[in-house]
*Asks:* 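Take this structure first; my questions come after.
Computed from a predicted structure; not experimentally measured.
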Amino acid sequence: MSAAVPAVGIRVPPCVPGDRLVRTVRRAEELGFDQAWFPDSQLLWRDVFTSLTAAALGTERIGLGTAVTNFATRHPAVLASAARSVAELAPGRFVLGVGVGNSSVGPVGMRPSTGAEMRAGIATLRTLLEGRDHDFGGTVSRLRDPVEVPVFMAASGPRNLRLAGEIADGAVLLSGVSPATLADAAARVAEGADAAGRAPVPLVASAFCAVTDDVERAARQLKPICAGIARNGGGKALALAGVHVDVPDRIEGVYPDLVHAEDWDAAVRICSQWVSDEAAAAFARAFCLFGTGEEIAARLRGLGAAGVGGVFLQHVGSYDLPEDLIEAVGRSVLPALRERA
């Protein structure tokens with residue numbers, strides 16, 4: 001691919017036993033996806049590093065990463081060991097993505113990591129993965145057999161975006177792919193890198209995706225996603241992209257949360273009180289990658305031209321594999337993307 005075309009990844013929730021998961025990742029590899037990203041939430045899915053181990057052993061080329069794990073439920077030393085173990089099995093293919101831990105901490109009554117905790121956690125990871133001594137409150141230890149692993153930080157708010165630019169090897173942007181919001185997020189990351197005297201860090205954007213010729217119909221399934229963003233402080237970002245919704249602070253009847261609802265149809269019905277069909281369609285067109293294969297390929301080329309190095313695509317839903325999305329993108333989007341590259 002040309003430099004202006006971003007790497008295309010797929011988000012694969014570890015929602016099934018490892019053997020089936022590996023078949024899905026291997027199929028993504030066969031169809032030409034560049035990366036497979038695995039979320040980490042201990043009560044929602046299987047263990048992310050067990051799943052990554054299976055994927056590493058069952059594939060040859062595709063990049064692998066966490067999108068994302070956290071320092072709240074996993075000590076930095078435990079993360080360093082787990083990352084080292086996967087990286088050994090997939091040399092040059094593994095990226096450790098870390099974040100504040102929302103879907104991991106919420107179900108167990110913990111709070112997300114603060115900026116200070118993210119800074120300390122990444123610093124500890126770096127020290128250990130480089131084989132250097134680290135002082136754990138008076139006990140100095142190091143990781144045996146360290147392996148170099150890039151550490152990316154996921155962020156959506158301005159402070160964490162700047163922090164990612166300052167301290168991480170790359171930034172995972174959780175603000176969708178609306179040109180206005182994406183440009184704003186990229187600018188905050190660049191500010192952090194500039195303040196630290198660093199070169200700009202690679203950017204990976206996440207986007208819900210559907211290959212469809214009926215965006216309005218398909219977009220209705222996005223209502224819980226849109227409502228979740230609005231409720232979690234993303235109202236300004238939505239408005240910046242022309243999506244206006246007013247969502248209450250508390251929404252009852254959805255478990256465990258809006259983005260990971262177990263009963264998706266019920267979550268759509270509930271969120272329809274605040275997110276209209278028109279708002280959902282506007283959200284799909286601005287924040288997400290909904291459209292025909294050619295339309296999505298054109299959007300991806302635009303993201304590459306805007307400086308985004310990678311995009312990982314998400315299907316709507318957390319408890320089934322993105323098999324249909326893998327087939328649709330692999331058969332219509334990736335060929336169109338490469339024809340023009």
Side-chain angles (χ1 to χ4, degrees), residues 8-33 35-55 58-59 62 64-69 97 102-104 106-107 174 176 206-212 214-215 217-229 253-272 280 283-284 287-291 293 296 311-334:
V8 179
I10 185 76
R11 179 180 180 268
V12 184
C15 56
V16 297
D19 55 349
R20 186 179 168 198
L21 187 83
V22 170
R23 289 197 295 272
T24 299
V25 178
R26 189 181 296 128
R27 180 57 177 161
E29 183 177 63
E30 291 170 356
L31 288 172
F33 282 84
Q35 298 162 330
W37 297 88
F38 297 74
D40 179 19
S41 190
Q42 67 282 343
L43 296 184
L44 274 60
W45 303 301
R46 277 70 173 175
D47 178 72
V48 71
F49 288 104
T50 303
S51 300
L52 280 161
T53 297
T59 58
I62 195 168
L64 304 171
T66 53
V68 289
T69 187
N102 288 328
S103 67
S104 292
L174 304 178
S206 67
F208 285 89
C209 180
V211 181
T212 178
D214 189 348
V215 172
R217 183 174 182 275
R220 294 170 191 154
Q221 295 299 307
L222 288 168
K223 291 184 179 184
I225 308 295
C226 184
I229 291 174
V254 179
Y255 176 85
D257 58 59
L258 290 176
V259 177
H260 306 96
E262 287 187 344
D263 188 337
W264 198 261
D265 290 340
V268 170
R269 289 194 300 272
I270 291 169
C271 292
S272 292
F283 177 72
F287 266 74
C288 308
L289 292 171
F290 273 48
I296 294 171
V311 180
F312 70 85
L313 309 177
Q314 303 188 51
H315 72 311
V316 174
S318 293
Y319 311 108
D320 63 317
L321 293 170
E323 294 167 321
D324 291 344
L325 183 60
I326 288 171
E327 294 295 328
V329 171
R331 293 181 182 279
S332 63
V333 177
L334 296 183

*Asks:* Backbone N or O of Ser104 within a donor-acceptor pair of the Gln42 side chain at under 3.5 Å?
*Replies:* yes
*Asks:* What pairs with Ala284 under side chain to side chain contact (heavy atoms under 4.5 Å, CB included), at least two apart in sequence or on another chain?
*Replies:*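 Side chain to side chain contact (heavy atoms under 4.5 Å, CB included) check on Ala284 returns Val215, Ala219, Leu222, Phe290.
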*Asks:* Is any side-chain heavy atom of Asp265 less than 4.5 Å from a side-chain heavy atom of Gln221?
*Replies:* yes
*Asks:* Hey, is the main chain of Gly291 close enough, under 3.5 Å, to the side chain of Thr212 for a donor-acceptor pair?
*Replies:* no
*Asks:* Is a side-chain donor or acceptor of Ser41 paired with a backbone partner of Ser103 at a separation under 3.5 angstrom?
*Replies:* yes
*Asks:* Mind checking whether Ile229 and Phe283 have side chains closer than 4.5 Å, heavy atoms only?
*Replies:*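 Of all side-chain heavy-atom pairs linking Phe283 with Ile229, at least one is under 4.5 Å.
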*Asks:* Quick check for you: to the nearest 0.5 Å, what is the distance between Trp264 atom CH2 and Ile225 atom CD1?
*Replies:* 3.5 Å
*Asks:* Would you call Val259 and Pro224 a side-chain contact if the rule is heavy atoms closer than 4.5 Å?
*Replies:* no
*Asks:* Report yes if the side chains of Phe38 and Val25 come closer than 4.5 Å at any heavy-atom pair, otherwise no.
*Replies:* yes
*Asks:* Looking only at heavy atoms, which two atoms of Ile296 and Leu289 are closest? And how far apart?
*Replies:*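 Looks like CD1-O, 3.5 Å.
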*Asks:* Let me check something: any side-chain donor-acceptor pairs from residues 317-324 under 3.5 Å, sequence neighbours excluded? List them with distances.
*Replies:*
residue: Tyr319; atom: OH; partner: His260; partner atom: O; Å: 2.6
residue: Asp320; atom: OD1; partner: His315; partner atom: NE2; Å: 3.3

*Asks:* Can you measure from CG (Asp40) to CZ (Arg46) and round to the nearest 0.5 angstrom?
*Replies:* 14.0 Å
*Asks:* Please find the pair of heavy atoms, one from Cys209 and one from Leu325, that lie closest to each other, and give the distance.
*Replies:* O-CD1, 3.7 Å
*Asks:* Compare all side-chain heavy atoms of Val12 with those of Trp37 and state whether any distance is below 4.5 angstrom.
*Replies:* no
*Asks:* As an exercise, state the distance from CD of Glu327 to OG1 of Thr24, rounded to the nearest 0.5 Å.
*Replies:* 9.5 Å
*Asks:* To the nearest 0.5 angstrom, please state how far the CD1 atom of Ile326 sits from the CD1 atom of Ile10.
*Replies:* 5.0 Å
*Asks:* With Glu29, which residues qualify under side-chain hydrogen bond (donor to acceptor under 3.5 Å, both in side chains), at least two apart?
*Replies:*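 None.
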*Asks:* Is any side-chain heavy atom of Ser206 closer than 4.5 Å to one of Gln314?
*Replies:* yes
*Asks:* Are Pro39 and Val48 packed together at the side-chain level, in the sense that at least one heavy-atom pair is separated by less than 4.5 angstrom?
*Replies:*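 Pro39 does not reach Val48 side chain to side chain.
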*Asks:* Might you point out which heavy atoms bring Pro14 and Leu21 nearest each other, and give the distance in Å?
*Replies:* CA-CD1, 3.9 Å
*Asks:* So do the side chains of Leu334 and Phe33 get within less than 4.5 Å of each other, counting heavy atoms only?
*Replies:* yes
*Asks:* What pair of heavy atoms forms the shortest contact from Asn102 to Pro107, and how long is it?
*Replies:*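 Taking every non-hydrogen atom into account, O-CD, 4.3 Å.
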*Asks:* Which pair of heavy atoms, one from Arg217 and one from Asp214, lies closest together, and at what distance?
*Replies:*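 Looks like N-OD1, 3.2 Å.
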*Asks:* Provide the closest heavy-atom pair for Val22 versus Ala55 in the form atom of the first, atom of the second, distance.
*Replies:* CG2-N, 3.8 Å
*Asks:* Would a distance-only check, ignoring hydrogens and angles, find a side-chain to backbone donor-acceptor pair under 3.5 Å from Arg11 to Leu313?
*Replies:* no
